[in-house]
Colleague: 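Starting off with a structure, shown below.
Just so we're on the same page: letters track the sequence lines, and every chain starts at 1.
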Amino acid sequence: MDWQPLVLTFKLAVVTTAILFVVSIPIANWLSSTKSKIRPVLETLVSMPLVLPPTVLGFYMLVAFSPENALGNWLNEYLGIKLIFSFGGLVVASVIYSLPFMVQPIQAGLSSLPSTLKEASYTMGKSKMTTLLKILLPNIKPSLLTGIVLSFAHTVGEFGVVLMIGGNMPGKTKVASIAIYDEVEALNYAAANSYSLILFSVTFVILLLVYLTNGGYFKRFAQ
Amino acid sequence: MSIVFVTTDSGEELMSVVIDTPESAPYLKSGNKVNVLFKETEVAVSSQKELNISLENRIAGIITHIEVGVLLSRLMLETKIGEVIAIISTMSVGQMGLVEKMNVMIMVKLNEIILAP
Amino acid sequence: MIRLNLKKTLQSAGGKMVLDLQLNIKKGEFVTLFGESGAGKTSTLRMLSGLLRPDSGTIEVGEATWFSSQENIDLKPQQRKVGYVFQDYALFPNMNVRQNLEYALQKNQDSAKIEELLEFAELGELQQRKPETLSGGQKQRVALARALVQRPEILILDEPLSALDLKMRIKLQEYLLKVHKKYKLTTILVSHDIAEIVKLSDSVFELQNGSVIKKGAATDFFGLNRTSAKFRFSGEVLKIQREDVLYVISVLIGNDIIRVVSDPKEAELLEIGDRVFVASKAFNPIIQKI
């Protein structure tokens with residue numbers, strides 16, 4: 001069996017989750033505390049990947065990042081970044097695609113904290129950053145764990161977006177879910193089964209972990 | 001310190017000594033309305049009308065009801081200033097032969113009268 | 001002197017309310033804001049501490065301007081450094097008692113302050129405990145000690161004792177008074193408890209619908225000063241007992257239980273737990289050197 005797609009899948013999941021963690025905390029923090037009128041708009045945008053067919057997302061990203069378009073052209077010309085059919089492109093697409101799975105648990109966690117915790121910290125002369133790092137985040141560890149695990153598992157399982165933007169290039173963009181599709185197309189059911197079984201087991205264990213540690217948090221979040 | 005003379009609505013005159021002076025308590029002014037309070041246990045009862053005794057406030061009354069306890073008794077009296085209750089010893093009730101419908105004088109020492117504006 | 005001149009439209013449960021008030025508080029005073037819920041007491045405290053922005057007006061503390069809509073001054077809560085004790089205590093669940101206090105230390109501040117406050121609040125034995133394992137009274141003491149770490153000049157207490165039982169409340173009232181005097185604070189309390197207010201505060205402001213409708217010295221405020229009786233205390237009825245033709249009422253005043261004889265007519269009106277006012281003339285009590 002070729003291990004490369006599996007390695008690539010988990011590499012993508014780790015990188016995506018790490019980026020999402022850093023990106024989502026400020027977004028979730030802003031969403032949980034703002035009274036701004038554009039909040040519902042941003043919340044909707046963040047949640048779109050939950051309901052949108054992955055192919056739609058993948059299609060628009062493919063168009064946007066294509067060197068024939070302004071954004072893709074600019075990225076290519078000035079930064080030398082080519083996002084289409086590359087691992088970098090996969091990461092960007094995955095980050096956007098899994099964004100709600102990281103932002104929503106963290107936002108829910110932050111909203112559940114009494115606002116007096118934050119205010120008490122401010123009246124003690126502590127900055128917003130200090131308050132976030134020392135008071136808010138340490139008190140929503142279960143939400144952080146949920147976000148990390150869900151994003152990881154969701155990235156492992158993605159297919160449509162990856163196929164649209166990454167194509168099917170062995171060692172570069174051919175992740176496990178695409179490999180399964182390939183093997184089935186080639187009527188190579190044994191190999192497809194190996195990949196599937198591994199993905200199935202890993203995802204099962206990860207989600208089980210969330211349920212065990214958070215006592216049904218996921219259920220509340222995914223309602 | 002001041003000694004305050006109070007005329008009740010029924011025309012009885014009462015005396016009270018207070019620590020306040022008209023300067024420290026603006027309510028101490030001729031013509032001002034005040035409420036007069038005193039504790040039931042501070043009311044003395046006499047069966048004689050004229051007594052040479054330093055109890056400045058004296059009001060005539062009729063005993064309407066006596067509740068006799070082991071040590072103390074509770075007398076309800078009807079007076080011109082309204083119903084007054086006096087708590088005195090059961091021993092005194094016996095010695096003085098106090099009974100219902102009897103005419104008595106009730107007396108209160110001037111330092112026991114509290115004024116409330 | 002703290003001078004507040006605030007205007008703010010608030011959204012409350014009963015619809016819109018316009019808060020419009022002027023308050024002057026002398027330095028070193030213990031002041032109570034009194035009034036129905038929704039009258040704007042907590043909003044006033046939040047505006048003073050910078051947690052809520054007034055629509056317009058000024059906040060001056062001593063010589064400094066903390067807020068002025070005209071001059072475009074609005075100090076952040078971090079810059080105002082007001083000691084704020086929240087109704088829900090707002091203890092940080094991820095930190096133990098000592099860490100809660102240490103978090104409040106300012107840059108370069110000597111940590112000896114922590115030891116002093118732990119000792120003063122009798123928290124030494126609890127210092128390694130997490131907030132969730134503490135009783136209401138203990139949490140309250142931690143919240144108060146924590147608010148004092150940064151040596152504030154103004155201490156804000158938003159209904160700090162309302163969730164506690166009577167015994168604990170009375171103990172903590174003594175403690176609040178000690179704190180107020182020891183650290184020479186200007187203390188602003190929100191409370192509904194008249195006995196508590198009279199016991200603790202120098203003056204009272206009554207708020208209604210966002211405005212001050214009455215102010216005065218605490219003892220005058222509730223009419224307690226309105227008899228010539230000079231020997232007077234307020235307390236709580238603990239026991240009502242018939243004795244012969246009378247009743248003996250036990251009243252808790254401060255930490256002492258005193259007993260007062262009462263005629264059945266008055267005793268009938270009393271219930272255990274009632275707030276009462278016990279008075280006698282200054283002529284009656286005897287006084288002896290201990």
Side-chain angles (χ1 to χ4, degrees), chain B residues 1-4 6 14-22 24-29 32-43 54 56-57 65-77 82-93 108-117, chain C residues 194-195 198 202-203 214-235 237 239-251 253 258-270 274-288:
Chain B
M1 212 176 289
S2 333
I3 288 192
V4 185
V6 181
L14 296 172
M15 269 163 82
S16 171
V17 61
V18 294
I19 281 193
D20 283 317
T21 60
S24 70
Y27 76 89
L28 289 177
K29 212 168 68 184
N32 233 4
K33 265 209 176 272
V34 292
N35 289 307
V36 174
L37 312 168
F38 50 87
K39 187 91 180 166
E40 298 82 359
T41 43
E42 302 296 348
V43 178
S54 68
E56 293 79 1
N57 297 296
H65 181 74
I66 302 184
E67 188 184 343
V68 180
V70 185
L71 301 173
L72 297 176
S73 292
R74 183 168 180 263
L75 275 55
M76 289 174 80
L77 302 119
E83 185 180 69
V84 171
I85 291 163
I87 308 287
I88 60 174
S89 68
T90 299
M91 209 162 58
S92 292
V93 173
V108 185
K109 216 173 152 208
L110 85 166
N111 62 293
E112 298 295 350
I113 306 265
I114 294 175
L115 302 178
Chain C
I194 293 174
V198 172
D202 301 315
S203 54
K214 194 175 156 194
K215 59 183 170 187
T219 38
D220 297 336
F221 195 86
F222 299 102
L224 301 189
N225 213 13
R226 300 183 58 206
T227 73
S228 63
K230 286 286 180 264
F231 191 76
R232 72 179 157 253
F233 304 95
S234 60
V237 175
K239 210 157 90 179
I240 303 174
Q241 226 175 353
R242 177 133 197 156
E243 295 254 357
D244 214 345
V245 293
L246 291 170
Y247 280 89
V248 176
I249 319 275
S250 302
V251 182
I253 295 175
I258 58 127
R259 303 211 280 174
V260 182
V261 163
S262 163
D263 189 71
K265 268 191 174 171
E266 284 161 354
E268 270 168 20
L269 304 174
L270 294 175
D274 276 354
R275 289 269 154 200
V276 290
F277 155 47
V278 175
S280 167
K281 293 204 66 157
F283 295 88
N284 304 37
I286 55 159
I287 184 161
Q288 272 180 329

Colleague: More than 12 heavy atoms of other residues, nucleotides or ligands under 6.0 Å from CZ of Arg259(C): is that the case?
Modeller: no
Colleague: Of the backbone (N, CA, C, O) and the side chain (C-beta and beyond), which part of Thr90(B) lies under 4.5 Å from a heavy atom of chain C, both, or neither?
Modeller: neither
Colleague: Salt-bridge test for Glu83(B) and Lys265(C): reply yes if a basic N is under 4.0 Å from a carboxylate O, no otherwise.
Modeller: yes
Colleague: Which atoms of Glu243(C) are under 4.5 Å from chain B, going by heavy atoms: the side chain, the backbone, both sets, or neither?
Modeller: neither
Colleague: Enter the distance from Ile85(B):CD1 to Glu266(C):CD here, rounded to the nearest 0.5 Å.
Modeller: 8.0 Å
Colleague: Hey, what do you get for OG (Ser280(C)) to CD (Glu112(B)), rounding to the nearest 0.5 Å?
Modeller: 7.5 Å
Colleague: Measuring from Lys281(C):NZ to Leu115(B):CG, what's the distance to the nearest 0.5 Å?
Modeller: 6.0 Å
Colleague: How long is the straight-line distance from CG of Leu72(B) back to CG of Asp244(C), given to the nearest 0.5 Å?
Modeller: 5.0 Å
Colleague: Can you tell which part of Val4(B) gets under 4.5 Å to a heavy atom of chain C, answering side chain, backbone, both or neither?
Modeller: neither
Colleague: Any chance you could measure Asp263(C), atom CG, to Thr41(B), atom OG1, to the nearest 0.5 Å?
Modeller: 9.0 Å
Colleague: Side chain of Lys39(B), backbone of Val261(C): donor and acceptor closer than 3.5 Å?
Modeller: yes
Colleague: Is Glu40(B) in contact with chain C via its backbone, its side chain, both, or neither, using a 4.5 Å heavy-atom distance?
Modeller: side chain
